[in-house]
Amino acid sequence: MKFALAGNPNSGKTTLFNNLTGSTAHVGNWPGVTVDKKEGVYKRGTDKIGIIDLPGIYSLSPYSPEEIIARNYILNDTPDDAPDLIINIVDATNLERNLYLTTQLLETGIPMVIALNMMDVVEKNGDTIDVKALEAAIGIPVIPICALKKNGIKELIDKSVAAVKAGKMPTTILKESKISDVYCEVLDEVKKRNTKHEVFVAVKLIEGDDLIKRAYTDLVPTITAILEKNPQPDHDNDYESLVADMRYQYISSNLSIHQTKATKNTNVTRTEKADKVLTHKIWGIPIFIVIMFAVFHIIFSGDFLYLSIYGLEPIEAPGVYLQTLVGELSGMGIEAIAGALENQAVWVQSLVVDGLLGGIDAVLSFMPQMLLLFLFLSIMEETGYMARVAFILDRAFRNFGLSGRALLPLLMCFGCGVPGIMATKGLENEKERKISIILAPFFSCGAKMPIWAVFAATLFLERGGEFVVFGMYFLGIATAILVTIILRKTIYKGSVPHFIMELPNYHRPQVRSTLRHLWDKVIHYIKRVTLVIAGAVVIIWLLSSFSFTFTFVEDIGDSMMGIISKGLTWLFIPLGFAMGDQGWMFVVAVFTGLIAKEMVVATLGVFSGMTADEILEGGELAGTGIAALLSALSIPAAIAFMAFNLLSVPCLAAVGAASGELRNKKSLWGAIGIWLLTAYVISFVLYWAGTYWWIGMTLGIIAAVIITLYILNYKGIIKLSKIFGKTPDKKTLQL
Amino acid sequence: MEKPLDTFSAQEKGVVKRISAEGKLKRRLFDMGITRGAQIIMQKAAPLGDPLEINIRGYELTLRKAEAQAVIMEVTD
């Protein structure tokens with residue numbers, strides 16, 4: 001037996017899913033879908049019931065990918081996959097809008113029960129809902145539950161099983177409405193086709209649903225004739241609007257009358273109070289900046305709470321501390337294994353220690369900081385604050401052709417591009433989704449941090465080292481803005497996506513479910529990344545340890561990788577860092593960086609006779625091998641090298657994630673092309689501008705100029721169109 | 001008095017008269033409960049002046065001025 005969970009976003013669906021399936025839940029990727037559907041098992045005695053968690057939707061209309069996935073799953077006829085029952089989760093605190101989806105689900109004719117969630121909140125607010133009367137009016141079982149406290153779960157399943165046995169006829173509000181004649185006529189036509197889900201198809205044909213119209217092209221002329229015969233002057237002959245109105249009218253006059261609202265709603269007042277501060281006209285944005293700063297400080301700061309300012313011994317922030325701890329543990333593990341392999345052949349030691357273990361170490365090294373970042377982001381998401389952030393910042397995002405919704409995935413990219421790219425699934429608009437994926441590598445991720453750190457501690461030590469790290473983050477953001485504007489004017493033209501979003505009531509984060517959510521992410525991430533990394537590491541190791549005659553070489557310069565890099569060095573000469581005797585080494589580092597960005601430092605370490613651990617453990621680097629190697633670069637060349645690593649193709653794991661989300665080869669190659677081109681052009685400009693004008697702040701100036709130009713253009717003070725001979729489409733920008 | 005939703009000031013109330021949008025925008029507005037006869041209270045504008053926050057059918061919804069422009073309202077007291 002299979003039960004599908006369907007309901008509005010934020011109705012408590014996932015909490016119910018977790019409670020139903022317990023530890024047996026697993027995240028499964030279905031082929032060809034954009035949003036993860038989750039499947040788990042509920043054990044009822046000896047019976048096993050499959051529970052499918054569908055994406056949260058507001059309606060079964062064919063517009064967002066989530067809606068199409070949910071609808072395709074609900075309507076599928078595959079014998080072992082089709083749902084035997086729908087558990088429709090309804091947020092009792094938001095009855096009318098939630099029941100709107102219910103009226104559509106009832107049209108499918110699949111047996112259904114309503115899980116009336118958050119009844120405890122309703123009671124706490126002093127409101128009441130007459131469940132019996134609601135059940136009688138709607139004609140299917142309604143079971144009050146509290147998904148959080150697991151109340152009512154057993155009754156829900158018992159009634160569900162009974163509902164499957166009882167079977168169900170499809171019902172629609174159109175049957176007893178003022179257009180019942182039209183409906184019956186259309187239904188008769190559909191019945192002649194002998195198709196499944198006749199009622200659903202008939203209603204959707206009346207609503208003018210594109211997907212259904214395409215599936216029943218031959219029926220369309222007949223239906224159009226029927227609709228034209230019955231004009232609806234009240235609604236400008238717009239049946240879609242008429243049906244939507246009738247649904248809500250039906251809900252408010254038959255269903256939601258069974259709820260009584262208390263005069264004063266305490267919970268809403270709490271949310272309103274919080275919003276008075278958090279989305280305040282003046283304080284809203286500063287508060288957001290302070291919160292983000294605190295989050296990054298806790299994760300990345302080497303001087304927690306700025307104790308050193310007060311003359312105290314600086315301590316590491318929790319994130320840095322955890323990272324050091326994990327690094328030490330994995331270092332000990334690697335040493336132990338290396339010791340055990342001492343008597344093996346040199347190439348075996350090299351493969352296991354340098355290759356495989358090095359790769360795993362690379363992943364582990366930034367895992368703690370990445371997880372902390374996700375923990376904070378999940379808390380912000382769960383409490384409802386993230387929706388407010390989108391509300392506050394939407395206007396700023398719109399300037400670049402994105403909506404406030406793109407914020408969450410892009411913020412994640414500061415931790416790691418892989419989950420950031422995966423989170424773009426939540427974006428409705430396809431162009432916005434694609435642009436966000438392309439922007440992902442520009443947000444300096446945790447794995448790129450060591451590169452900036454090494455340069456800051458060597459070449460830039462007495463030349464404003466702290467500006468290097470800050471500058472790379474800034475360069476990434478400025479590039480992201482620039483690339484978005486260019487993409488919006490060229491290949492991803494079109495109107496700015498809509499921004500219509502629910503602002504849920506604030507509530508306390510659920511520690512258990514947040515940690516669980518995080519755990520799911522870790523497992524998902526480790527599976528995905530270790531497979532890719534392990535494979536790639538072996539390939540890179542082969543290339544850098546063997547010559548073209550397949551003999552094991554000690555010097556990487558004689559290996560296939562070294563020879564290829566030397567051969568390709570000319571490509572990077574215009575960027576400055578490939579010049580000179582040691583230039584090819586930096587080219588090798590760029591290539592190994594494609595596996596994982598921390599390989600860049602590891603590779604440079606190999607050339608300077610140091611291990612990555614030695615370089616990154618935080619000691620004095622002046623006078624060491626790595627400092628000597630990096631001093632071969634001029635300042636502009638070093639900046640160009642860092643910029644190239646920041647902006648070019650991200651690590652293989654992120655490319656894998658991007659290929660999963662972009663879903664076609666053409667888009668993926670397009671993205672790779674954009675990354676390479678952006679990295680090359682920006683590095684080129686930085687190198688040449690820096691060489692002739694190197695005050696060290698070139699990157700800042702260029703970015704500032706671009707932003708100023710754009711803002712001035714947007715405000716209409718100057719006209720970029722006159723300079724570039726193109727008319728900016730003001731109308732689409734404002735939409 | 002009839003006027004589009006984006007011209008409402010904070011705490012102004014009204015009832016939806018009609019939606020003058022097409023396609024995806026129209027559908028999305030319907031799905032979120034903005035249909036004829038629905039009561040809307042304007043809450044506030046975001047710090048940068050756009051989008052807007054409204055209260056509809058007992059919950060808070062945010063939408064841009066450009067989208068609110070398509071919602072034609074009848075002002076009530």
Side-chain angles (χ1 to χ4, degrees), chain A residues 57-59 61-64 67 91 93-97 100-101 207 234-236 238 240-241 243-249 252 256 261 265 268 271-272 275-276 279-285 387-388 390-396 398 403-404 428 496 498-505 734-735, chain B residues 2 4-11 13 15-74:
Chain A
I57 49 173
Y58 292 110
S59 111
S61 58
Y63 286 109
S64 74
E67 285 165 354
D91 175 357
T93 62
N94 194 345
L95 209 52
E96 286 193 6
R97 204 202 57 218
Y100 178 78
L101 175 67
E207 285 182 328
D234 283 0
H235 281 83
D236 304 328
D238 179 359
E240 189 185 6
S241 142
V243 175
D245 280 6
M246 289 195 318
R247 286 192 202 279
Y248 271 110
Q249 264 165 34
S252 49
S256 58
K261 288 257 178 197
N265 195 328
V268 168
T271 292
E272 275 174 4
D275 267 342
K276 280 223 166 79
T279 62
H280 187 270
K281 214 172 174 50
I282 295 160
W283 300 113
I285 292 176
R388 269 73 184 185
F391 170 70
I392 293 174
L393 296 183
D394 175 70
R395 184 67 188 75
R398 208 179 64 191
S403 77
E428 278 173 51
V496 176
H498 296 304
F499 181 73
I500 304 178
M501 198 174 75
E502 182 183 357
L503 294 175
N505 282 342
Q734 265 157 14
L735 249 180
Chain B
E2 206 174 284
L5 180 60
D6 63 317
T7 61
F8 273 45
S9 46
Q11 300 314 315
K13 285 180 201 169
V15 172
V16 179
K17 289 278 283 185
R18 62 174 194 280
I19 308 288
S20 68
E22 280 308 314
K24 192 171 176 169
L25 175 58
K26 180 172 75 168
R27 185 76 244 169
R28 181 51 84 214
L29 292 171
F30 289 161
D31 291 347
M32 301 312 283
I34 304 181
T35 56
R36 187 184 296 198
Q39 265 209 24
I40 293 180
I41 308 169
M42 173 62 64
Q43 302 284 46
K44 62 164 121 179
L48 299 172
D50 198 16
L52 306 167
E53 179 183 342
I54 61 169
N55 180 292
I56 174 148
R57 296 186 190 274
Y59 78 99
E60 305 297 309
L61 181 74
T62 170
L63 75 175
R64 292 197 185 127
K65 281 185 173 167
E67 290 136 11
Q69 209 176 7
V71 183
I72 312 299
M73 306 285 298
E74 176 76 45

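Order of the sequence lines fixes the chain letters, A, B, ..., with proteins taken first and strands second; residue numbering starts at 1 for each chain.
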Would you mind checking which part of [X] comes under 4.5 Å of any heavy atom in chain B, side chain (CB onward), backbone (N, CA, C, O), both or neither?
X	result
A:Ala396	both
A:Ser403	both
A:His235	both
A:Asp238	side chain
A:Glu96	side chain

Counting heavy-atom pairs under 4.5 Å with chain A, which one of B:Gln69, B:Arg18, B:Arg36 comes out on top? B:Arg36

Checked B:Ile19, B:Leu52, B:Leu29 vs chain A; the most non-hydrogen pairs under 4.5 Å come from B:Leu52

Considering only heavy atoms and a distance below 4.5 Å, find which of A:Asp275, A:Ile57, A:Asn94, A:Leu503 pairs most often with chain B. A:Leu503

Taking every heavy-atom pair that is under 4.5 Å apart, which of A:Leu101, A:Ile282, A:Ile285, A:Leu393 has the most such pairs with chain B? A:Ile285

Aromatic ring proximity A:Tyr100/A:Tyr58, centre distance under 6.0 Å: no

Where on B:Ile34 is there a heavy atom nearer than 4.5 Å to chain A: the side chain, the backbone, both, or neither? neither

Inter-residue atom distance B:Asp31.CG - B:Lys26.NZ, 0.5 Å rounding: 11.5 Å

Kindly check if the number of other-residue, nucleotide or ligand heavy atoms within 6.0 Å of CD (B:Gln39) is above 12? no

Side-chain ion pair, A:Arg388 and B:Glu60, N-O less than 4.0 Å: no

Do the side chains of A:Arg97 and A:Glu502 get close enough for a salt bridge, i.e. N-O under 4.0 angstrom? yes

With heavy-atom distances below 4.5 Å as the criterion, would you say the side chains of B:Gln11 and B:Gln43 are in contact? yes

May I ask you to decide if B:Ile41's main-chain N or O and B:Asn55's side chain share a donor-acceptor pair within less than 3.5 Å? no

